[in-house]
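No experiment lies behind these values; they were computed from the predicted model shown. Sequence positions, counted from 1, serve as the residue numbers for this chain. Both ligands and their constituent atoms are indexed starting at 1 by order of listing.
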Amino acid sequence: MAKETGYTVWAEPLKDFCTRVFEKMGVPLDDAEATSDVLVLANLRGIDSHGVARLKRYVDGLRDGVMLARPKIEVVHETPTTALMDGGSGLGQPVGVRGMQLAIEKAQKMGVGFVAVRNSNHYGIAGYYSLMALEHDMIGISTTNAAVLVVPTFGRDAVLGTNPLSVAVPAGGERPFVLDMATSVVTRGKLEVYERMEKPVPLSWATDEHGVPTSDASRVLQNLLACAGGGILPLGGAREEDGGHKGYGLAFLVDILCGVLPLAGYANTIYPKTPEGKPLPANVGHFFGAMRVDAFRPVDEFKATMDDMIRRLKNSAKAEGQDRIYIHGEKEFEVEDQRRENGIPLHPKTVTMMKQIAQELGVEYDL
Ligand code: NDP
């Protein structure tokens with residue numbers, strides 16, 4: 001039930017609502033629940049750009065037939081430590097969860113497990129899957145390729161995605177390390193926020209149709225939509241002096257693991273279209289890894305060293321004007337605690353969109 005603050009909702013009913021929507025679109029209950037869980041965890045952790053605000057995109061994809069509600073998900077090839085899975089053009093989340101589970105099962109038996117997935121779709125936040133490894137005292141790795149938005153160093157056209165990468169590592173008394181980041185300076189959502197505020201973006205974020213750094217978010221977004229050139233810059237920005245080529249290397253690496261290795265789409269082949277510009281089923285790829293800590297050394301000892309490492313960083317001297325050093329994932333864990341306690345604030349536009357979907361599909365909206 002909606003709380004007094006208006007658009008603040010609890011995680012469980014939000015998840016149930018999304019599950020009903022996916023079921024109505026023909027998605028089996030288990031897959032619908034898995035997808036909703038990924039979306040709502042993004043909201044719980046404060047990554048609202050990748051939470052239920054995306055519900056419409058998935059509903060549209062299922063409705064247009066570019067994503068299948070009941071895909072044939074299968075293991076195409078496997079060894080004791082590796083597997084290649086085919087997502088059958090379904091939602092990215094269910095095959096993502098199964099891929100990571102398989103990597104974890106292999107690591108339980110063999111110490112490590114790696115799974116590459118092809119024929120999938122947008123899987124949400126990369127961190128959902130790496131986090132799954134923590135309860136097994138494993139290090140989790142999760143990465144995916146994505147729609148082209150990013151220009152290579154010295155390039156003019158976007159031929160790479162924002163290709164996020166997440167690694168989660170257990171600790172003892174301290175919170176785990178959970179790196180979960182796009183390999184671009186920013187995601188498209190950040191540019192959209194600046195566009196709405198009519199605020200110039202830093203020159204290290206994006207380039208125009210000539211491949212020249214620009215502060216005009218609106219121009220970049222329009223160019224991306226029209227495939228007119230330019231795009232978001234890799235981590236580090238446009239210049240070698242600032243290390244842009246290293247971010248480009250990371251984005252490329254993600255595409256090798258997710259695109260080239262499983263033979264999914266890669267570079268600008270992930271979201272194909274007909275000659276008339278109609279979208280065809282995507283071929284997004286993912287890559288998951290799990291490493292059992294005790295395959296290297298005793299878990300308790302490892303966690304104690306992680307705690308020491310974290311404390312050394314956090315207790316080190318602060319820069320002028322700063323009073324805290326963060327560990328990756330720390331802010332998100334804090335938001336998660338707070339949102340589990342007080343509910344998830346939803347943007348009014350997201351609420352309107354969800355109500356519209358509920359009405360169109362004849363699904364009860366009870367938030
Ligand atoms: P952010 O830039 O917000 O954060 C990147 C990482 O840095 C996080 O682990 C974050 O953890 C950490 N961090 C932030 N501030 C600090 C700090 N001061 N000190 C230490 N660590 C810090 O993420 P992005 O915008 O790059 O990505 C947002 C999300 O979008 C991710 O979940 C990603 O997986 C998802 N994504 C998904 C795509 C897809 O196609 N499926 C494509 C691109 C992105 P914390 O916030 O807890 O500090």
(message) Looking at Phe252, I want to see if its CZ is surrounded by more than 12 non-hydrogen atoms of other residues, nucleotides or ligands under 6.0 Å.
(response) no

(request) Nearest heavy atom to atom 20 (C) of ligand 1 wins, so pick from Tyr129, Tyr326, Tyr128. (result) Tyr326

(request) Any atoms of ligand 1 less than 4.0 Å from a non-hydrogen atom of Glu330? List them with their elements. (result) 47 (O)

(request) May I ask you to identify, for Val178, whether its side chain, its backbone, both or neither come under 4.0 Å of ligand 1 on a heavy-atom basis? (result) backbone

(message) So if I count the atoms of ligand 1 from 1 in the order they appear, which ones are less than 4.0 Å from some heavy atom of Thr187?
(response) 25 (O), 44 (C)

(request) Could you tell me the residue and atom name of the protein heavy atom closest to atom 11 (O) of ligand 1, and the distance to it rounded to 0.1 Å? (result) Gly329 N, 3.2 Å

(message) Using a strict threshold of under 4.0 Å (side-chain N to carboxylate O), is an ion pair present between Arg339 and Asp48?
(response) yes

(message) With heavy-atom distances below 4.5 Å as the criterion, would you say the side chains of Leu361 and Met25 are in contact?
(response) yes

(request) State whether Asp300 and Lys303 are salt-bridged, where the test is any N-O pair (Lys NZ or Arg NE/NH1/NH2 against Asp/Glu carboxylate O) under 4.0 Å. (result) no

(message) Which residue and atom name correspond to the protein heavy atom nearest atom 12 (C) of ligand 1, and how close is it?
(response) His328 CD2, 3.7 Å

(message) So if I count the atoms of ligand 1 from 1 in the order they appear, which ones are less than 4.0 Å from some heavy atom of Thr162?
(response) 42 (C), 43 (C)

(message) I want to confirm something. Looking only at heavy atoms, which of Pro164, Ser184, Ser130 is nearest to atom 38 (C) of ligand 1?
(response) Pro164

(message) Below 4.0 Å, non-hydrogen atoms only: which portion of Asp180 touches ligand 1? Side chain, backbone, both or neither.
(response) both

(message) Which residue and atom name correspond to the protein heavy atom nearest atom 16 (C) of ligand 1, and how close is it?
(response) Lys331 NZ, 3.7 Å

(message) Using the ring centroid of each side chain, check whether Tyr123 and Tyr129 are separated by less than 6.0 Å.
(response) yes

(request) Between His50 and ligand 1, find which residue part has any heavy-atom pair under 4.0 Å and reply side chain, backbone, both or neither. (result) side chain

(request) Provide, to 0.1 Å, the distance between atom 27 (O) of ligand 1 and the closest protein heavy atom, together with that atom's residue and name. (result) Ala182 N, 3.8 Å

(request) Keeping the roles fixed (side chain from Ser166, backbone from Ser130), state whether a donor-acceptor pair exists under 3.5 Å. (result) no

(request) Decide whether an N or O pair under 3.5 Å exists between Asn163 and ligand 1. (result) no

